[in-house]
**Student:** 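What follows is a single structure, and I will ask about it in a moment.
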Amino acid sequence: MDRALVDRALVDRARAGDREAVDALVSQHHQAVYRVAYRVLGDPDAAADATQEAFMKAVSALGGFRGDASVRTWLLRIAANTATSAGRRVARRAEVALDDAGAGLSAAGPDPERAAVVRSEVDRVQAALAELPEKQRLAVTLRLEEELSHREAAEVLGSTEGAVRVNYHLGIKRLRERLT
Amino acid sequence: MNRGCEFYMDALTDRAAGRLDGASGQRLDAHVAGCEECRRSLAVMRAVRRAVPAVPEGLEARVRSAVHSGPGTPAPDPSVDRSRESRLGRRPWAVPLAAAATLAVVWLGVVQTTSPDAWSGAVVAPVTEYEPYGEWPAAGGWVAGDPLLGDLSVEELERLLEEMES
């Protein structure tokens, strides 16, 4: 059966209180949800926290799922929103911490030691992706890692197909300059 | 990037995912063989696909446990980003500015891709659709621009303008 139809059936069962259906949805989608959260936050622990939070929100909101989008894009959109909110919270805490310390010295920027060990192709790609503006990074990874269409990626990002197309194009251009 | 190469992006993406074959694949290969930038784009796309982040061990069990121990109370649709709505509310000038910028983008797209002959008075029908794996640009040099550009944000239009000028 088509994956999208299986997901819709699982949502219907989960709404009726079927715990196994919830588990199946988690099993099917937790990796993609994690990857999207990771691409927003850039930190494995924070992405794992956001993954958990996103699924808790999704399960609480199953009753309101209208089916306008696929279950997958709906979940990934929740993941992107949750991770973005978490990122803002972290940024605010960092600002407060800096203010409290009266600091302001080298709060951001690449760590030279870390840069020294970034040697493998995967690390180079990860570093180049991390340097992209968030919209470009998500457009690139949703298209290439999650294999979403422009329309599906736009649903995830609450954006438009045109915006995703432009951000994907600009992201690939920047990666090309950086990596090849 | 060579003129017209941006319209191979979808085909390159499909090729990187191993989805493009047959006549479309052969047409793309013929283009890529003579286009260094598309070759580099394809290499980048394949590299990104090889760099998928690993999911932490135990995450699935952790999430399962959390969703079953949660409050289970109905919540508003969390897929709706309300912070975005409020941001737009703080920028009432964004919509008219985006509309003006869109007109500028489409105008630039037409002017930059129009051959000199096109201004000689001949009536040439603008191209409003393209077939991503077909020939591009269209004969006559007219490109109407991606019809989806009208929905771009101001920031995205600004970046696109910079891109077109570079």
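Excluded from the calculations below are hydrogen atoms, water molecules and symmetry mates; all remaining heavy atoms, backbone and side chain alike, are included. Below, chain A is the first sequence line, B the second, and so on; all start at residue 1.
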**Student:** Salt bridge check, R49(B) against E145(A): does any charged N sit closer than 4.0 Å to a carboxylate O?
**Tutor:**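 Looking at E145(A) and R49(B), the cut-off is not met.
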
**Student:** With chain B as the partner, which of S149(A), A54(A), A48(A) has the greatest number of non-hydrogen pairs under 4.5 Å?
**Tutor:**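 Most heavy-atom pairs within the cutoff with chain B belong to A48(A).
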
**Student:** Which region of R39(A), side chain (C-beta onward) or backbone (N, CA, C, O), has a non-hydrogen atom less than 4.5 Å from a non-hydrogen atom of chain B, or is it both or neither?
**Tutor:**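 R39(A) touches chain B through side-chain heavy atoms alone.
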
**Student:** I need the R176(A) CZ to L42(B) CG distance, nearest 0.5 Å.
**Tutor:**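 One gets 11.5 Å once the value is rounded to the nearest 0.5 Å.
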
**Student:** For E20(A), give me all partners under side chain to side chain contact (heavy atoms under 4.5 Å, CB included), at least two apart in sequence or on another chain.
**Tutor:**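 With sequence neighbours excluded, E20(A) shows a side chain to side chain contact (heavy atoms under 4.5 Å, CB included) to R13(A), D18(A), given in chain and number order.
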
**Student:** At a heavy-atom separation under 4.5 Å, does A54(B) approach chain A through its side chain, its backbone, both, or neither?
**Tutor:**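 Only the backbone of A54(B) comes within 4.5 Å of chain A.
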
**Student:** Taking heavy atoms only and a threshold strictly under 4.5 Å, list by residue number the residues of residues 27-37 of chain A that touch chain B; give 'none' if the list is empty.
**Tutor:**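 Checking residues 27-37 of chain A against chain B gives S27(A), H30(A), Q31(A), Y34(A), R35(A).
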
**Student:** Hey, are D10(B) and R143(A) close enough for a salt bridge, meaning a charged N less than 4.0 Å from a carboxylate O?
**Tutor:**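 A salt bridge links D10(B) with R143(A).
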
**Student:** Can you name the nearest heavy-atom pair linking V63(B) to Q52(A), along with the distance?
**Tutor:**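 Taking V63(B) first and Q52(A) second, the nearest heavy atoms are CG2-CA, 4.0 Å.
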
**Student:** For each of L179(A), T180(A), V122(A), T82(A), tally heavy-atom pairs with chain B at distances under 4.5 Å, and name the one with the top tally.
**Tutor:**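 Most pairs with chain B among the choices: T180(A).
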
**Student:** Is any side-chain heavy atom of I172(A) less than 4.5 Å from a side-chain heavy atom of M45(B)?
**Tutor:**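 Contact flag for I172(A)/M45(B) side chains = yes.
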
**Student:** Judged by atom type as modelled, is there a donor-acceptor pair below 3.5 Å linking the side chain of Q126(A) to the main-chain atoms of A51(B)?
**Tutor:**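 Confirmed, Q126(A) side chain pairs with A51(B) backbone.
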
**Student:** Could you state the interatomic distance from CZ (R19(A)) to CZ (R64(B)), rounded to the nearest 0.5 Å?
**Tutor:**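 These two atoms lie 11.0 Å from each other.
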
**Student:** Is Y38(A) close to chain B through its backbone or its side chain, or both, or neither, when contacts mean heavy atoms under 4.5 Å?
**Tutor:**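 It is the side chain, since no backbone atom gets that close.
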
**Student:** Please round to the nearest 0.5 Å and tell me the distance separating atom NZ of K173(A) and atom SG of C5(B).
**Tutor:**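 Interatomic distance, K173(A) NZ to C5(B) SG, rounded to 0.5 Å: 13.0 Å.
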
**Student:** Do you know which of L175(A), V26(A), V22(A), D23(A) has the most heavy-atom pairs under 4.5 Å to chain B?
**Tutor:**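 Top option by heavy-atom pairs under 4.5 Å: D23(A).
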
**Student:** Where on R19(B) is there a heavy atom nearer than 4.5 Å to chain A: the side chain, the backbone, both, or neither?
**Tutor:**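 For R19(B), the side chain is the part near chain A, not the backbone.
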
**Student:** Please classify the contact of D68(A) with chain B as side chain, backbone, both or neither, using a heavy-atom distance under 4.5 Å.
**Tutor:**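 Contact with chain B is absent: no heavy atom of D68(A) under 4.5 Å.
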
